[in-house]
Structure formats: structure tokens, C-alpha cells
Amino acid sequence: MKEPNGTPRLPWIVKIAVAVTFFNSWVIFEETIVDRHGLWRYMPFYRVGLFCAWDVLALAIIFPAVLIGVPPLGQATKRCMRRLCFVRGCHLCR
């Protein structure tokens with residue numbers, strides 16, 4: 001007998017909303033911490049008030065995390081991570 005999966009599958013709109021919320025959190029962090037305290041001086045390629053490389057990096061981290069939750073794409077992403085991971089048996093590669 002097959003055991004039921006403990007986690008329900010979320011609709012796409014929920015996954016998109018989660019990704020947008022995480023990105024909005026990054027933007028708020030940029031505006032309240034980085035811009036106001038002058039930390040942008042120590043961040044290469046950062047542009048105050050403009051879309052920059054740091055925003056691209058945030059998107060590159062957030063959206064693959066959302067795609068891992070999609071079963072077919074999640075399996076492909078996990079296989080790719082297993083090939084690229086240099087730590088044998090790490091938590092993400094299982």
C-alpha cells in the first residue's frame with residue numbers, strides 16, 4: 001500500500017505569490033538598509049534606486065527555489081544539483 005504524500009501540491013498562483021513576496025522583501029531590505037545606511041558603497045555593481053546585478057542575483061536565487069517545488073522541473077533541478085554539488089551526501093542532493 002502506498003503512503004500518501006504529506007505535503008499538498010500548491011497551485012502556480014501561490015508559488016508565484018511566494019516568489020514575488022520574497023523579491024519584495026529583498027527590495028525593502030535594499031531600500032531600508034543598503035540605501036539608507038550607505039552600504040551600497042561596499043557592494044560592487046550596485047546602483048542606488050535602479051535595477052542592478054544584485055537584483056538579478058536575488059531573482060536567480062528566488063525563482064529556481066520556486067521551480068524546485070514543481071514536480072517535473074524539481075526532479076530535473078535536483079538531478080542537476082547532484083551533478084554540480086561537490087559535497088557528497090549533502091542535504092540538498094538527497
Side-chain angles (χ1 to χ4, degrees):
M1 186 170 175
K2 202 173 185 182
E3 291 185 26
N5 190 356
T7 57
R9 297 178 93 182
L10 296 174
W12 269 99
I13 191 72
V14 173
K15 292 179 183 185
I16 291 170
V18 168
V20 169
T21 302
F22 280 130
F23 187 70
N24 282 340
S25 298
W26 164 251
V27 171
I28 290 171
F29 173 78
E30 276 185 321
E31 290 176 359
T32 58
I33 305 297
V34 176
D35 292 349
R36 291 185 186 171
H37 294 286
L39 296 177
W40 55 270
R41 290 183 216 123
Y42 307 107
M43 299 169 68
F45 306 112
Y46 186 82
R47 303 290 175 248
V48 177
L50 298 174
F51 192 76
C52 63
W54 290 88
D55 298 322
V56 173
L57 179 65
L59 288 173
I61 292 171
I62 292 169
F63 282 105
V66 171
L67 289 179
I68 286 176
V70 180
L73 295 175
Q75 295 300 325
T77 306
K78 287 179 185 177
R79 280 194 305 272
C80 182
M81 286 174 59
R82 282 189 202 112
R83 280 189 232 128
L84 298 175
C85 185
F86 60 90
V87 178
R88 186 169 289 263
C90 74
H91 178 68
L92 294 173
C93 296
R94 287 188 215 158

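Here the CD1 atom belonging to Ile62 is positioned 8.0 Å from the OG atom belonging to Ser25, to the nearest 0.5 angstrom.
Side-chain atoms of Tyr46 and Asp35 form a donor-acceptor pair, as typed in the model, at a separation below 3.5 Å.
Glu31 approaches Arg36 most closely through the heavy-atom pair O-CG, 3.3 Å.
Looking at heavy atoms from C-beta onward, Val48 lies out of side-chain contact with Glu30 at the 4.5 angstrom threshold. When side chains are defined from C-beta on, Pro44 counts as touching Trp54, because their heavy atoms get closer than 4.5 Å.
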query = Do Thr32 and His37 pass the side chain to side chain contact (heavy atoms under 4.5 Å, CB included) test, and can you show the C-alpha distance, the side-chain angles, and the key distance before you say yes or no?
reply = CA-CA 8 Å; Thr32 58; His37 294 286; over 6 Å; no

key: Residue pair Phe63, Phe23: steps toward the side chain to side chain contact (heavy atoms under 4.5 Å, CB included) verdict   = CA-CA 9 Å; Phe63 282 105; Phe23 187 70; 5.5 Å; no

message = For Phe51 and Val56: C-alpha separation, side-chain torsions, deciding distance, then whether side chain to side chain contact (heavy atoms under 4.5 Å, CB included) applies.
response = CA-CA 8 Å; Phe51 192 76; Val56 173; 3.5 Å; yes

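Linking ILVMFWY residues whenever their side-chain heavy atoms come closer than 4.5 Å, directly or via other members, leaves Phe22 and Ile28 in distinct clusters. The hydrophobic clustering, which links ILVMFWY residues whose side-chain heavy atoms are closer than 4.5 Å, places Val27 and Ile33 together.
Within a 6.0 Å radius of CD1 in Ile13, other residues, nucleotides and ligands contribute 12 heavy atoms or fewer.
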